[in-house]
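Accompanying notes for the structure given below.
All values derive from a computational prediction rather than experimental measurement. So you know, we letter chains A, B, ... as the sequences are listed, proteins then strands, and number each from 1.
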Number of protein chains: 2
Amino acid sequence: MKACVFCKIVNGELPATKLIEDKKAVAFLDINPVNHGHILVVPRKHYETVMDIPGKELGKVMEMVPPLAKAVTEVTNADGLNVFQTNKPCAGQTVPHVHVHIIPRHKNDGFHFGWRQGRYSEGEIDRMQWGILKALGE
Amino acid sequence: MKACVFCKIVNGELPATKLIEDKKAVAFLDINPVNHGHILVVPRKHYETVMDIPGKELGKVMEMVPPLAKAVTEVTNADGLNVFQTNKPCAGQTVPHVHVHIIPRHKNDGFHFGWRQGRYSEGEIDRMQWGILKALGE
């Protein structure tokens with residue numbers, strides 16, 4: 001993908017503050033961090049979303065997350081951490097190349113989600129299970 | 001962890017609407033979904049946070065995410081999807097056993113994050129890079 005910003009960072013055509021890289025993934029600091037220490041991990045190969053990347057390939061990319069999460073927690077003296085990933089604009093994706101956010105968190109840092117607890121009516125959760133299993137081909 | 005709700009689900013001591021499971025992970029529907037089709041993927045083994053789980057083990061757990069993301073997007077006719085993971089209470093973690101949220105999203109579904117774009121002052125991002133590399137032992 002010639003026009004993709006993250007492909008350009010992976011290929012060294014655009015600068016980035018890189019942390020670690022291996023055969024499958026590259027990790028670098030987000031220049032507009034939610035909190036300082038905010039890291040992005042991207043697969044070397046271009047996939048738009050997690051619906052497109054093969055499971056084993058996402059697995060390889062995610063192997064980088066625990067050591068980075070541990071290191072950035074230590075360095076920023078964080079109280080917690082979020083791993084966050086967006087797919088398609090309605091979910092907040094702005095660069096159409098799979099990327100995993102690692103965001104160190106601090107008590108009262110003002111970053112929060114509109115979390116909510118929905119419900120299923122009688123039988124609805126079983127129909128959802130059935131539908132997903134069917135889509136999975138199980 | 002005898003008292004852990006997710007360990008009990010993994011071991012079959014508590015009921016759950018399970019979707020798929022393998023040697024390393026179990027996926028089931030969240031009973032209080034942000035949106036219908038909200039899935040949780042948990043490692044079989046108890047780790048509190050992504051700072052505690054070995055990289056390779058998180059990788060194995062995450063291999064399940066793409067097929068589930070694809071299936072639930074199809075079934076719920078979603079416009080997008082978030083993968084989301086909380087560590088420690090200040091980051092929104094309520095069950096201290098690593099769990100990955102897969103949340104199908106719809107345009108104008110009212111679920112949003114207090115996303116913000118911070119900045120680094122001159123030299124700050126380089127010091128952050130240096131600190132993280134040092135903590136990683138690179």
Side-chain angles (χ1 to χ4, degrees), chain A residues 17 19-20 29 32-37 50-51 53-56 58-60 62-67 69-75 79-93 105-107 111-120 125-126 128-129 131-133 135-136 138, chain B residues 17 19-20 29 32-37 50-51 53-56 58-60 62-67 69-75 79-93 105-107 110-120 125 128-129 131-133 135-136 138:
Chain A
T17 313
L19 297 169
I20 45 177
L29 287 165
N32 287 123
V34 166
N35 284 325
H36 281 196
V50 291
M51 291 79 96
I53 191 171
K56 279 194 187 298
L58 182 67
K60 285 287 176 195
M62 294 299 295
E63 286 184 11
M64 247 183 216
V65 171
K70 203 172 166 183
V72 78
T73 296
E74 187 184 318
V75 171
D79 301 310
L81 183 135
N82 286 121
V83 178
F84 190 60
Q85 200 274 328
T86 60
N87 302 281
K88 299 282 183 183
C90 89
Q93 187 175 23
R105 298 291 309 279
H106 305 277
K107 279 175 197 152
F111 180 51
H112 43 74
F113 322 106
W115 205 261
R116 60 190 181 193
Q117 298 199 309
R119 289 188 176 194
Y120 289 102
I125 198 168
D126 303 306
M128 182 63 74
Q129 178 190 35
I132 294 172
L133 290 179
L136 284 166
E138 296 275 319
Chain B
T17 313
L19 296 169
I20 45 177
L29 288 165
N32 288 122
V34 165
N35 283 327
H36 282 194
V50 291
M51 291 79 97
I53 191 170
K56 279 193 187 297
L58 183 67
K60 285 286 176 195
M62 294 300 294
E63 286 184 11
M64 246 183 217
V65 171
K70 203 172 166 183
V72 77
T73 296
E74 187 185 319
V75 171
D79 301 310
L81 182 136
N82 286 122
V83 178
F84 189 61
Q85 200 274 329
T86 60
N87 302 281
K88 298 283 183 184
C90 89
Q93 187 175 24
R105 298 291 309 279
H106 305 277
K107 278 175 196 151
F111 181 51
H112 43 74
F113 322 105
W115 205 261
R116 59 190 181 194
Q117 297 199 309
R119 289 187 175 196
Y120 289 102
I125 197 167
M128 181 64 74
Q129 179 191 35
I132 294 172
L133 291 178
L136 284 167
E138 297 275 320

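Under the salt bridge (charged side-chain N to carboxylate O under 4.0 Å, His left out) criterion, A:K56 pairs with B:E63, not counting sequence neighbours. For the side chain to side chain donor-acceptor pair (under 3.5 Å) test, no residue two or more places apart in sequence or in another chain qualifies with B:D79.
Heavy-atom distances place both the backbone and the side chain of B:H36 under 4.5 Å from chain A. For a residue to count as touching a neighbouring chain, one of its non-hydrogen atoms must lie under 4.5 Å from one of that chain's; by this rule B:P54 touches chain A with the backbone only. Both the backbone and the side chain of B:Q129 have a heavy atom closer than 4.5 Å to some heavy atom of chain A. In this structure, chain A has a heavy atom under 4.5 Å from the side chain of B:T73, while its backbone stays farther away. Heavy atoms closer than 4.5 Å to chain A are found in both the backbone and the side chain of B:V83.
Listed here is the closest heavy atom pair of A:R116 and B:V34: NE-O, 3.0 Å. Across B:Y120 and A:P33, no two heavy atoms sit closer than the pair CE1-CG, 3.5 Å. Smallest separation of non-hydrogen atoms from A:V75 and B:G131: CG2-O, 3.3 Å. A:R105 approaches B:A91 most closely through the heavy-atom pair NH1-CA, 3.7 Å.
Between A:Q93 and B:N82 there is no side-chain heavy-atom pair separated by less than 4.5 Å.
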